[in-house]
2 protein chains.
Amino acid sequence: MKNKQLTNKKEILTKNQEIVLKLLEKSNEPLKAYSILFNLSEQGVKAPLQVYRALDRLIEIGKVHKIESKNAFVACINSNCTANSNAAFTICEDCDAVSEIHDNKEILKNLNYLANREKSKLNKYNLELYITCKNCLK
Amino acid sequence: MKNKQLTNKKEILTKNQEIVLKLLEKSNEPLKAYSILFNLSEQGVKAPLQVYRALDRLIEIGKVHKIESKNAFVACINSNCTANSNAAFTICEDCDAVSEIHDNKEILKNLNYLANREKSKLNKYNLELYITCKNCLK
DNA sequence: TTACATATGTAATATTATAACATTTAATTA
DNA sequence: TAATTAAATGTTATAATATTACATATGTAA
Ligand SMILES: [Zn+2]
Ligand SMILES: [Zn+2]
Ligand SMILES: [Zn+2]
Ligand SMILES: [Zn+2]
């Protein structure tokens with residue numbers, strides 16, 4: 001048996017998706033698409049499209065998020081995102097450190113309220129908090 | 001007296017800033033930088049830099065916001081943004097309508113809480129709510 | 001097998017944004 | 001006022017980000 005049977009088809013990744021995700025997971029900062037491309041050139045990734053296509057899919061299934069204000073990509077560390085595509089990040093304006101916010105039930109509740117107030121339906125959200133982080137405040 | 005005296009120096013706009021802001025204010029949707037450029041070509045705006053420089057400044061003083069996930073720009077409709085650079089938007093996934101959220105005190109309170117929880121200081125935030133709007137829900 | 005959908009490869013090109021440097025205009029100050 | 005400095009503008013080129021279009025390959029279902 002080549003590929004073990006998975007209950008969730010979404011979790012079967014193709015080769016390109018796999019190596020892009022691996023790279024993002026071992027990176028400690030968001031990576032840009034062309035940086036991913038250069039990093040993976042020895043693994044057969046030779047064109048922007050290979051990267052963008054893999055990223056598109058990974059984002060679609062919630063394994064990767066795009067930090068819109070940075071045009072950069074991070075692996076998701078919050079198992080819950082897979083379900084709803086929501087994401088919330090803090091971005092330190094001093095040291096550029098980016099981290100995903102885990103416990104965001106309260107946020108979601110508020111945002112749902114905001115959307116409902118205008119009689120519209122919230123599908124997903126993107127939240128970027130620009131902060132000065134603990135270390136940089138010292 | 002050519003220019004009336006203003007208490008807040010920030011509100012004196014240069015020619016390019018003025019015409020870019022005017023265009024955004026009369027537009028009913030976010031505009032992309034190159035769309036602004038083409039729109040203003042007859043008014044002497046001939047190079048991307050003229051647009052980007054004006055936008056940078058307008059964003060800095062809170063008169064314009066960038067919708068990061070669309071690389072597009074809108075005039076601020078919330079007098080309060082000038083002070084804090086915060087912005088929150090709803091974006092309809094069906095009809096692309098974008099609108100700025102006015103009353104966001106509650107959001108700010110929540111986000112401050114999130115930042116404080118991690119012992120960091122919130123400087124500003126960018127929030128994009130992807131919704132299905134009132135009209136498109138019908 | 002055939003038919004279909006999905007994934008991949010490749011080249012070209014579109015879109016968004018900035019760097020570098022020259023010139024002009026406005027604001028300060030000697 | 002003239003001289004000095006700072007801010008804004010103009011212009012060209014180029015960098016960085018992302019997509020289109022089309023050819024080929026691979027996997028799946030009938
Ligand atoms: Zn996540
Ligand atoms: Zn920091
Ligand atoms: Zn605003
Ligand atoms: Zn709509």
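Since the model is a prediction, treat every value here as computed from it, not as a measurement. Chain naming here is simple, since letters A, B, ... match the order of the sequence lines and numbering starts at 1 in each.
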Subject >> Electrostatic pair A:Lys22-A:Glu25, nearest N-O below 4.0 angstrom >> reply: no
Original post:
At under 4.0 Å, does any side-chain N or O of A:Lys32 touch on OP1 or OP2 of D:dT17?
Top reply: yes
Original post:
Has B:Thr14 got a side-chain N or O lying under 4.0 Å from the OP1 or OP2 atom of D:dT9?
Top reply: yes
Subject >> pi-stack flag for B:Tyr52 and C:dT18, centroid dist under 5.5 Å, interplanar under 30° >> reply: no
**OP:** Using modelled atom types only, decide if a donor and an acceptor are shared between the side chain of B:Lys26 and the backbone of B:Leu21 within a distance under 3.5 Å.
**Re:** no
Original post:
Under 3.5 Å, side chain of B:Glu106 to main-chain N/O of A:Asn110, donor-acceptor pair present?
Top reply: no
Original post:
Between the side chain of A:Ser120 and the main-chain N/O of A:Ala115, is any donor-acceptor distance below 3.5 Å?
Top reply: yes
**OP:** Scan A:Lys66 against the nucleic acid and name what it touches under 4.0 Å (heavy atoms): base, sugar-phosphate only, or nothing.
**Re:** sugar-phosphate
Pairs under 3.5 Å (N/O, protein and nucleotides 26-28 of chain D):
none

**OP:** Please state whether the base of C:dA14 and the side chain of B:Tyr34 form at least one donor-acceptor pair under 3.5 Å?
**Re:** no
Original post:
Rounded to the Å, how far apart are B:Arg53 CZ and D:dT11 P?
Top reply: 11 Å
Original post:
Roughly how far apart are B:Tyr113 OH and A:Ile107 CD1, rounded to 0.5 Å?
Top reply: 10.5 Å
Subject >> B:Leu111 vs B:Leu114 side-chain heavy atoms within contact, under 4.5 Å >> reply: yes
